[in-house]
Amino acid sequence: MKKLFLIPLLALWLPVWAQVTPASLKGMNDEALLRTITRELSDDSFGGRKPLTLYEAPTLAYIADRFKEVGLEPGAGGSYFQKVPLLGVETHIKNNEWVVTGKKGTVKLRYWDDFVLWTLRAEEKIKINKADFVFVGFGIHAPEYGWDDYAGVDVKGKVVVMLVNDPGFYDDNLFRGKNMTYYGRWTYKFDEAGKQGAAAAIIIHDTAPASYGWSVVQNSRATSSLSLYSEGENKLLVPFQGWVTGQSAQKLFEAAGVSMDESIAAAKKRGFTSFPLNLKTTIESTNKLEFGESANVVGILPGTSLKDEYIIYSGHWDHLGIGQPVAGDSIYNGASDNASGIAAMALIARRFSELPERPKRTLVFLAVTAEESGLLGSQYYAEHPLFPLAKTAVCLNMDSYGDNMPTSDLIVSAPGHSETDRYVLDAAAAQGRTLVFSNDNSGGGYYRSDHFNFAKMGVPVVLAKGGRTFIDPVAAKDHREKYYPVSTYHQPSDEYHDWWVVSGTLQDIYLFYAIGLRLANDGYFPKWNDGVEYKAVREKK
């Protein structure tokens, strides 16, 4: 087992780091700063910024240097780094295949094309032998919604197969309708399967309810899988977790002699009862383990009269690293996602540091690790805060601020959740923008970025981004058609280009600056609204 250190010796990473000579930010205007940091941080020499790789140390050093350059002080006890214990597991399934036997025949599935399977346990070898299967619908135990897919069924030591999202995606009368609850997230489903004692948890991929294609599933697991590491807690995780394509799932149901369409239709209705599938499998893996300390980068601008109260700007620094080649390119640079978010934080930090008078509250700029692996860095901070969450007024999360043209509208997600809405309204009005309230969380976006770990700990969050009413709609249409024939999300093609238009990006960044500036000086703690589950958490602090 290899022990990694937070900042390896200079000699170990100098050959990588030396390929980028950071430009001085002195005298740069906002657009130049945004472009410079985004371009440099997404350069090939940073190797896609995956934690626990040789590219992590130069990434951390780069961000800390930029934080210092824009006027931020170390925020972690005299250091810019909050250590985050991680476990990296590179899972190798025996023969790269999965063999499943049923009463109607045997199915052989190929790794990567048909299924993706991994473990987060700190075990060098794992084997489940002749395990039975159970179809558990959505894999949800939610008493408050009167829903329990695990009722009356024993899944200990078995393989549970489940659907993505939650029942509300298919029936507006169930759960929150199209607004996915946390029960629809894959992280919840795997955690619950572990609590139920399952040996493996398999989600059937479907692009519409998942909100992303199979390639996103593949690329997210192209190299080692990461988790927060705790010797006791990692042992409680389900031994194997993964995804199977819809087409491959169809083959499994056929081998079991069960109609997949009828089973899924039944699972979408209240009163569904999970049932065994006539299938058995043996899964065996050898696992390369890597224990290490990643880090969140933390810079602060101390406040004045309310210096013991805090505003957090957060954004993740990591991306997917070096993985499966696409069109000959294997580096997942993550320019928009999320080198641009780090650049946006630096821009905002410089604006605050150059004010003639410091804000009353302390501003915390938090560049978190391992977002792409399940929001791990923000989870660690929320569970081990450097500054009391009870004294943290709000979290403004910066994620994917890349190529955007200016809009006359602003989309506010999760409207009505908290009093932060009025801060967004006022800041948008000052920009001459109208608000579009979006309750469409069908893709689970609320749970897919770092703000969520603060929300569930009771800290109000702001979710707002440029809309779709472009000030120059013809130019916007032409731009999209010319440069984006396919999605760049979680692809090697997420690279910086000089042809990016960032005037719309700057609109949104200035909006977040204005919200933070007002909150940093008005001394008010925004409240969650009645009926929002995070309200009770906040009031207990």
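This chain uses plain numbering: 1 for the first residue, then up along the sequence.
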With Gln196 as reference, evaluate Asp154, Val238, Val155 under the side-chain contact (heavy atoms from CB on, under 4.5 Å) test and give the passing residue.
Val155
[X] versus [Y]: any side-chain heavy-atom pair under 4.5 Å?
X: Thr207; Y: Trp214; answer: no
X: Val217; Y: His205; answer: yes
X: Trp112; Y: Gln218; answer: yes
X: Val436; Y: Val412; answer: no
X: Ile283; Y: Leu117; answer: yes
X: Ser294; Y: Trp317; answer: yes
X: Met162; Y: Val160; answer: yes
X: Ile204; Y: Val164; answer: no

May I ask you to decide if [Y]'s main-chain N or O and [X]'s side chain share a donor-acceptor pair within less than 3.5 Å?
X: Asp132; Y: Lys158; value: no
X: Thr420; Y: Val461; value: yes
X: Asn129; Y: Thr282; value: no

Quick one, Trp147 with Phe175, criterion ring-ring contact (aromatic ring centres under 6.0 Å, His included). Give me CA distance, side-chain angles, the key distance, then yes/no.
CA-CA 9 Å; Trp147 197 280; Phe175 285 63; 5.6 Å; yes
Is NZ or CZ of [X] both nearer than 6.0 Å to the six-membered ring centre of [Y] and within 45° of the ring axis?
X: Arg538; Y: Trp528; answer: no
X: Lys456; Y: Tyr182; answer: yes
X: Arg422; Y: Tyr524; answer: yes
X: Lys268; Y: Tyr170; answer: yes
X: Lys465; Y: Tyr401; answer: yes

Crowded around Glu284 CD? As in, over 12 foreign heavy atoms under 6.0 Å?
yes
Should the heavy atoms of other residues, nucleotides or ligands under 6.0 Å from CD of Glu144 be counted, would the total exceed 12?
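Correct, the count exceeds 12.
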May I ask you to check whether [X] and [Y] show a side-chain donor-acceptor distance below 3.5 Å?
X: Ser211; Y: Arg448; value: yes
X: Asp399; Y: His451; value: no
X: Asn338; Y: Ser400; value: no
X: Asp166; Y: Thr181; value: yes
X: Arg49; Y: Tyr332; value: no
X: Ser285; Y: Asn287; value: yes
X: Asn234; Y: Ser227; value: yes
X: Ser42; Y: Asn333; value: no
X: Asn219; Y: His490; value: no
X: Thr281; Y: Trp98; value: yes
X: Gln82; Y: Tyr380; value: no

Determine whether Tyr183 and Phe138 satisfy the following criterion, ring-ring contact (aromatic ring centres under 6.0 Å, His included), listing intermediate values before the conclusion.
CA-CA 9 Å; Tyr183 293 112; Phe138 289 92; over 10 Å; no
Supply the atom-to-atom distance [X] [atom1] to [Y] [atom2], rounded to the nearest 0.5 angstrom.
X: Lys83; Y: Glu293; atom1: NZ; atom2: CD; answer: 4.5 Å
X: Phe190; Y: Ile202; atom1: CZ; atom2: CD1; answer: 7.0 Å
X: Leu252; Y: Leu277; atom1: CG; atom2: CG; answer: 8.5 Å
X: Leu236; Y: Arg121; atom1: CG; atom2: CZ; answer: 7.5 Å
X: Asp494; Y: Ser336; atom1: CG; atom2: OG; answer: 5.5 Å
X: Gln379; Y: Thr369; atom1: CD; atom2: OG1; answer: 12.0 Å

Any salt bridge between Lys535 and Asp530, counting N to O under 4.0 Å?
yes
Between Lys178 and Asp172, does at least one N-O distance fall below 4.0 Å, as a salt bridge requires?
yes
Quick check: closest heavy atoms across [X] and [Y], and the distance to 0.1 Å?
X: Ala76; Y: Leu386; answer: CB-CD1, 3.9 Å
X: Glu254; Y: Lys104; answer: O-CB, 3.3 Å
X: Asp149; Y: Gly137; answer: OD2-C, 4.2 Å

Could you please spell out the steps behind the side-chain contact (heavy atoms from CB on, under 4.5 Å) verdict for His316 and Glu372?
CA-CA 8 Å; His316 69 95; Glu372 302 291 4; 3.3 Å; yes
Take Tyr381 and Asp450 through the side-chain contact (heavy atoms from CB on, under 4.5 Å) test and state the conclusion after the steps.
CA-CA 10 Å; Tyr381 182 92; Asp450 291 300; over 6 Å; no
Worked verdict on Tyr446 versus His417 for ring-ring contact (aromatic ring centres under 6.0 Å, His included):
CA-CA 12 Å; Tyr446 191 86; His417 275 207; 5.6 Å; yes
Ile128 and Val159: side-chain contact (heavy atoms from CB on, under 4.5 Å), yes or no, with the steps?
CA-CA 9 Å; Ile128 59 173; Val159 179; 4.1 Å; yes
Please confirm whether Phe512 and Tyr313 have ring centers closer than 6.0 angstrom.
no
Would you check if the distance from the ring center of Tyr55 to the ring center of Phe46 is below 6.0 Å?
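They do not qualify: ring centres at least 6.0 Å apart.
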